[in-house]
Protein chains: 2
Amino acid sequence: MSVDDAEALPERTRRRRTPKPHAAGVKAVAAAAGVSLGTVSNVLNRPEVVSPLTRAKVEAAMASLGFVRNESARQLRAGSSRILAYLMLDAGNPFFTDVAKGVEEAAQAAGLSVFLCTSSEDADREAAYLDLLEQQRVQGILITPIDQNSSRLRKLPSRGTPVVVVDRALDEGEHCSVAVNDVLGGELAISHLLELGHERIAYVGGPNTIGQVVDRREGARRALETAGRPAADLIELTTGALTVAEGRGAGQRLAGLPADRRPTAAFCANDLLALGLLQQCVSLGLRVPEDLAIVGYDDIEFAEAAAVPLTSVRQPRQLLGRTAAELLLDESSNPDHEHQRVTFTPELVVRTSTRGTL
Amino acid sequence: MSVDDAEALPERTRRRRTPKPHAAGVKAVAAAAGVSLGTVSNVLNRPEVVSPLTRAKVEAAMASLGFVRNESARQLRAGSSRILAYLMLDAGNPFFTDVAKGVEEAAQAAGLSVFLCTSSEDADREAAYLDLLEQQRVQGILITPIDQNSSRLRKLPSRGTPVVVVDRALDEGEHCSVAVNDVLGGELAISHLLELGHERIAYVGGPNTIGQVVDRREGARRALETAGRPAADLIELTTGALTVAEGRGAGQRLAGLPADRRPTAAFCANDLLALGLLQQCVSLGLRVPEDLAIVGYDDIEFAEAAAVPLTSVRQPRQLLGRTAAELLLDESSNPDHEHQRVTFTPELVVRTSTRGTL
DNA sequence: GAACGCTGTTGAAACCTTTCATAGCCTTCC
DNA sequence: GGAAGGCTATGAAAGGTTTCAACAGCGTTC
């Protein structure tokens, strides 16, 4: 080798910057245990094929090195994730956390874990989470969508990520859905109010981009028509979200009306709205149900404990979640899976807020 | 399974499943766009270094192939995750979802996403989630722990996953913590009750493995002692969890006592317990606050809307979450990060459940 | 017209794990 | 005594992305 060559190829210590300096990998464990790489992997994934002695050595090495399996690498190679995500509309609404509980129940039974995400009724966040979850290659996505016609949502299944829509019944699509008949729920609520003799009935809900809001209103209208009255008689108070705060705002508006034009009953698109409405109206001096009867929707745990126990439309919350998760699991494991649309029937629970104290 | 799930018989409609997934990777995109692999990666990660023309070609190819970046591979190579997790005690408790809201706010501002997990007050689930999250190599973990001495928790930071403890103040450890002074909160509650002249005061809470439960009780005892009474005067009703249902159970027990031995006031470890207790006691004929005054803890949104508006100890929920997330972000990006212990001060909000209608 | 700098692009290595065909060793059985 | 077969352990390949040194063009400067 000439001097020139030495000049041309200077000796260099190339140190690649390793991102996680401290991580001990399978390789290190194998070395420490005096076995091969594959054996370590076997201990991890098929412990029964490894002899007890070897297994003990490997496990000891893992413990002493503080080995933590790199799930990214596992997933990259093995192709499958052990995670299932539930993208919910609003984590602050106990209805959805109850659904989530059902999801976790089913997932746990199948050995999977659940990540919860919340779109907070914001379409952009929903979209961002969908992208993220797809990139993460989760096993599947459960979603209570804001925009059920989103093309993103439609495309997911064809690209390999199963989707189950929760609390919405989608027409023909490429996913399963689990829902409650919200139109019927709306009818139940309004029929009840009509039976009690109410004439001026308000519907409180919004925004109208949310399917549940629209369906429940539709049910309300139908009930009016069934009773021989025009659907347009329904007094609509549109809210910006389904929250207690918005309910209070609606209460403010409602209580501000002159008594002869004010509705005598209000049906709210969910219990949060109803609770806010109730609270505001009571604090402004309206009597419930004498001046204003209120019907909520979901029958969350707090509905019964409210200032005036709330009449509400009950849905099988946990069952909804459990069923959805089960459909998702079937879709991702059963090659003969058929998409299903499961619809539960809601039920009216009558309490003081409409019936008064008998 | 909860009561509401009793016997719901859904309708099911079945449909044939649409076929198969398919995955297009960077390689396929490169081929389709007639560029090299590295260029596609540049479009993804450093679009500004790619010429507009090339970029357009690549983007077109991505769109037409339905390319979805494989996050596992990205993370494996790049070493960093864009995700942050909040492992909470109970998703059904609005307190924690409010904290979560604060977390998301801060995370979003930093361009990160949040996955929510729930341990449901189960130490095994907590442990399982911690393992999972560590394996996923999330950017960091926010946790409201069940067992704050868990060795798992202690070891995480040294292995490269930053941890911030939320709603608990850990002694000097290897993580930051953000908490509210729960001992003070307990004192506030009991002093208030003592000022109102109550003698027989109950503390409702449990299990005693939960730090918050213990601290709040400790505060209660101190307040008694400060008032010159033995701490042992505190009547303890231990519950199995911090839920509405457990609160009802405690109410049952309490209402069953003969009036001359029954406490005249109850301080509950959180609002869910208080609401359950309130509901049960009222339905069993006790008047609140005349027969039994009730103080809750957290001042969740539903406390004010309860049958009898609830006196409660308020905590800065969202701020708690936001601060915690900010500490975590600092820890994972700032090399000079120093662990901190942030403690907020709670505040008593007096309402009808103790003061009566004035 | 040679050297230089700049811009955009390239190709191969590296990340860490799982998979799988194969090899080595022991028993068992003809 | 040798073939067959059962256990275990092995080593190399594969999986999709990012990274980075090197390179190709091309215009500029001296």
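Model, not experiment: these values are computed from the prediction. Note on naming: letters A, B, ... go to the chains in the order of the sequence lines (proteins, then strands), and numbering restarts at 1 for each one.
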(request) Send over the distance from A:N42 CG to D:dT10 P, rounded to a whole Å. (result) 10 Å
(message) Rounding to an integer number of Å, can you tell me how far B:E48 CD sits from C:dG8 C1'?
(response) 12 Å
(message) Is there a side-chain contact between B:R46 and the phosphate of C:dG8, meaning an N or O under 4.0 Å from OP1 or OP2?
(response) no
(request) Establish, with yes or no, whether the OP1 or OP2 oxygen of D:dA9 is under 4.0 angstrom from a side-chain nitrogen or oxygen of A:T39. (result) no
(request) Under the ring-ring contact (aromatic ring centres under 6.0 Å, His included) rule, collect the residues that match up with A:Y86, sequence neighbours excluded. (result) none
Any side-chain heavy-atom pair of [X] and [Y] under 4.5 Å:
X	Y	value
B:F67	B:V26	yes
A:I141	A:F115	no
A:V50	A:V58	no
A:R74	A:R82	yes
B:I143	B:L130	yes
B:L132	A:I83	yes
A:L329	A:L112	yes
B:D167	B:M88	no

(request) For the helix from C:dG1-D:dC30 to C:dC30-D:dG1, measure the angle between the helix axis at one end and the axis at the other, each built from five pairs, rounding to 10°. (result) 60°
(message) Evaluate B:R152 against B:E134 for salt bridge (Lys or Arg N to Asp or Glu O under 4.0 Å), listing each step before the verdict.
(response) CA-CA 10 Å; B:R152 214 174 300 252; B:E134 186 180 19; over 6 Å; no
(request) Specify the closest pair of heavy atoms between B:E104 and A:S120, including all atoms of both residues, with the distance to one decimal. (result) OE1-OG, 4.4 Å
(request) Kindly give the heavy-atom pair with the smallest separation between A:L319 and A:T323, and that separation in Å. (result) O-OG1, 2.6 Å
(request) Would you jot down, in residue-number order, the residues of residues 49-57 of chain B having a non-hydrogen atom under 4.0 Å from DNA chain D? (result) none
(message) Counting only heavy atoms and a strict 4.0 angstrom limit, can you tell me which residues of residues 129-136 of chain A come near DNA chain D?
(response) none
(request) Return each pair, listed once, that meets salt bridge (charged side-chain N to carboxylate O under 4.0 Å, His left out) where at least one residue sits in residues 27-49 of chain B; pairs must be two or more places apart or across chains. (result) none
Return the polar atom pairs (N/O with N/O) between nucleotides 15-17 of chain D and the protein under 3.5 Å, or none.
from: D:dT17; atom 1: OP2; to: B:V26; atom 2: N; distance (Å): 2.4

